[in-house]
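No experiment lies behind these values; they were computed from the predicted model shown. Residue numbers count from 1 along this sequence. Excluded from the calculations below are hydrogen atoms, water molecules and symmetry mates; all remaining heavy atoms, backbone and side chain alike, are included.
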Amino acid sequence: MGYENAELSILIVDDLQMAAYHQEYLNRAGATNVIAFPMQEGEFAHLTPHLLGDVVISLDTASREAEEMGIDMAERFDELLVHGILHLTGYDHEKSEAEERRMEEKSAALASLLRKTKK
């Protein structure tokens, strides 16, 4: 994806903590499955050029979603991690339908790579 030697942090939380982050940083009520905090944007991005940002995943929500989808928890976690990383690298499904398709395509490609490396 063009980010050699890049770093990111992953924070795994419960729904209660996720709801607090969701409200505080996005002004949205309730828990969500993943939130990404990009560090490559804004006035101070140059201070940490290798730091992509933070991905926060609610294990409670991810677990429920995995069960509802009939997939393994690890697979759902990987999907959410990829989704968060894509947000850190400039993808945003909320901008437009075209951007949503672009993000879905990249997500599917990366998920396929992950499955291949796990075999």
Side-chain angles (χ1 to χ4, degrees):
M1 291 185 52
Y3 293 91
E4 290 188 37
N5 300 316
E7 299 175 24
L8 64 104
S9 68
I10 303 167
L11 179 61
I12 301 168
V13 299
D14 62 15
D15 275 350
L16 186 62
Q17 193 171 6
M18 180 60 91
Y21 287 137
H22 205 206
Q23 183 65 51
E24 182 175 349
Y25 295 104
L26 298 174
N27 200 28
R28 297 178 183 170
T32 189
N33 51 19
V34 62
I35 299 176
F37 296 98
M39 299 295 284
Q40 294 292 304
E41 301 172 355
E43 181 180 350
F44 301 106
H46 68 282
L47 295 177
T48 54
H50 295 293
L51 181 60
L52 293 178
D54 307 317
V55 176
V56 183
I57 298 173
S58 170
L59 205 54
D60 293 339
T61 299
S63 180
R64 277 193 313 278
E65 290 175 348
E67 188 174 325
E68 291 167 5
M69 298 166 83
I71 62 173
D72 185 74
M73 173 57 187
E75 183 179 348
R76 184 60 183 150
F77 184 89
D78 288 349
E79 290 173 353
L80 294 173
L81 181 57
V82 165
H83 187 88
I85 291 170
L86 288 175
H87 274 296
L88 296 181
T89 59
Y91 288 77
D92 188 353
H93 57 90
E94 295 182 1
K95 282 185 179 178
S96 68
E97 287 183 20
E99 233 349 81
E100 183 176 4
R101 280 190 303 277
R102 179 175 168 259
M103 190 170 180
E104 286 173 0
E105 289 169 4
K106 189 64 168 182
S107 182
L110 292 174
S112 177
L113 283 174
L114 275 174
R115 282 190 297 274
K116 287 178 186 178
T117 62
K118 289 185 175 188
K119 288 183 180 182

Checklist entry - Leu114 and Leu81: side chain to side chain contact (heavy atoms under 4.5 Å, CB included), yes or no, with the steps? => result CA-CA 11 Å; Leu114 275 174; Leu81 181 57; over 6 Å; no
Could you measure the distance from the [atom1] atom of [X] to the [atom2] atom of [Y]? Nearest 0.5 Å is fine.
{"X": "Met73", "Y": "Glu65", "atom1": "CE", "atom2": "CD", "result": "9.0 Å"}
{"X": "Glu75", "Y": "Leu80", "atom1": "CD", "atom2": "CG", "result": "11.0 Å"}
{"X": "Leu86", "Y": "Leu110", "atom1": "CG", "atom2": "CG", "result": "5.5 Å"}
{"X": "Met39", "Y": "Glu41", "atom1": "CE", "atom2": "CD", "result": "10.5 Å"}

Next on the checklist: So if I apply the side chain to side chain contact (heavy atoms under 4.5 Å, CB included) rule between Ile57 and each of Val55, Leu59, Thr61, Asp60, which one comes out positive?
Outcome noted: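 The single option meeting the side chain to side chain contact (heavy atoms under 4.5 Å, CB included) with Ile57 is Val55.
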Checklist entry - Just one of Arg64, Arg76, Glu79 clears the side chain to side chain contact (heavy atoms under 4.5 Å, CB included) bar with Asn33, so which one? => result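 Running side chain to side chain contact (heavy atoms under 4.5 Å, CB included) over Arg64, Arg76, Glu79 with Asn33 returns exactly one hit, Arg76.
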Checklist entry - Are Phe77 and Leu8 grouped together when hydrophobic residues (ILVMFWY) are joined by side-chain heavy atoms under 4.5 angstrom apart? => result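 Phe77 clusters together with Leu8.
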Next on the checklist: Taking Leu26 as the starting point, is it possible to reach Val34 by hopping between hydrophobic residues whose side chains are less than 4.5 Å apart?
Outcome noted: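 Result: no, two separate clusters.
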Checklist entry - Only one of Arg102, Arg101, Lys95 clears salt bridge (charged side-chain N to carboxylate O under 4.0 Å, His left out) with Glu99; which? => result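 The option that passes is Arg102.
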Next on the checklist: Check this for me: Gln23, atom CD, are more than 12 non-hydrogen atoms of other residues, nucleotides or ligands nearer than 6.0 Å?
Outcome noted: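 More than 12 heavy atoms, drawn from other residues, nucleotides or ligands, come within 6.0 Å of this atom.
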Item to check | Within 6.0 Å of CD in Glu97, more than 12 heavy atoms from elsewhere | outcome: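 No.
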Checklist entry - Going through the distances and angles, do Thr89 and Tyr3 end up as a side chain to side chain contact (heavy atoms under 4.5 Å, CB included)? => result CA-CA 9 Å; Thr89 59; Tyr3 293 91; 3.4 Å; yes
Item to check | Aromatic ring pairing Tyr21/Phe37, orientation class (parallel under 30°, perpendicular over 60°, tilted between) | outcome: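 Answer is perpendicular, since the angle exceeds 60°.
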Item to check | Under 3.5 Å donor-acceptor, Ser107 side chain and Met103 backbone | outcome: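 Not confirmed, Ser107 side chain does not pair with Met103 backbone.
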Checklist entry - Counting N and O atoms only, with roles assigned by atom type, does the side chain of His50 sit under 3.5 Å from a partner on the main chain of Glu7, one being a donor and the other an acceptor? => result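 Flag not set: sc His50 to bb Glu7 has no pair under 3.5 Å.
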Where [X] and [Y] come nearest, the two heavy atoms and their spacing:
{"X": "Met18", "Y": "Thr32", "value": "CG-O, 3.2 Å"}
{"X": "Ala31", "Y": "Ala19", "value": "N-CB, 3.7 Å"}
{"X": "Gly84", "Y": "Ala36", "value": "O-CB, 3.5 Å"}

Checklist entry - side chain to side chain contact (heavy atoms under 4.5 Å, CB included) between Leu88 and Gln40: does it pass, once the steps are laid out? => result CA-CA 8 Å; Leu88 296 181; Gln40 294 292 304; over 6 Å; no
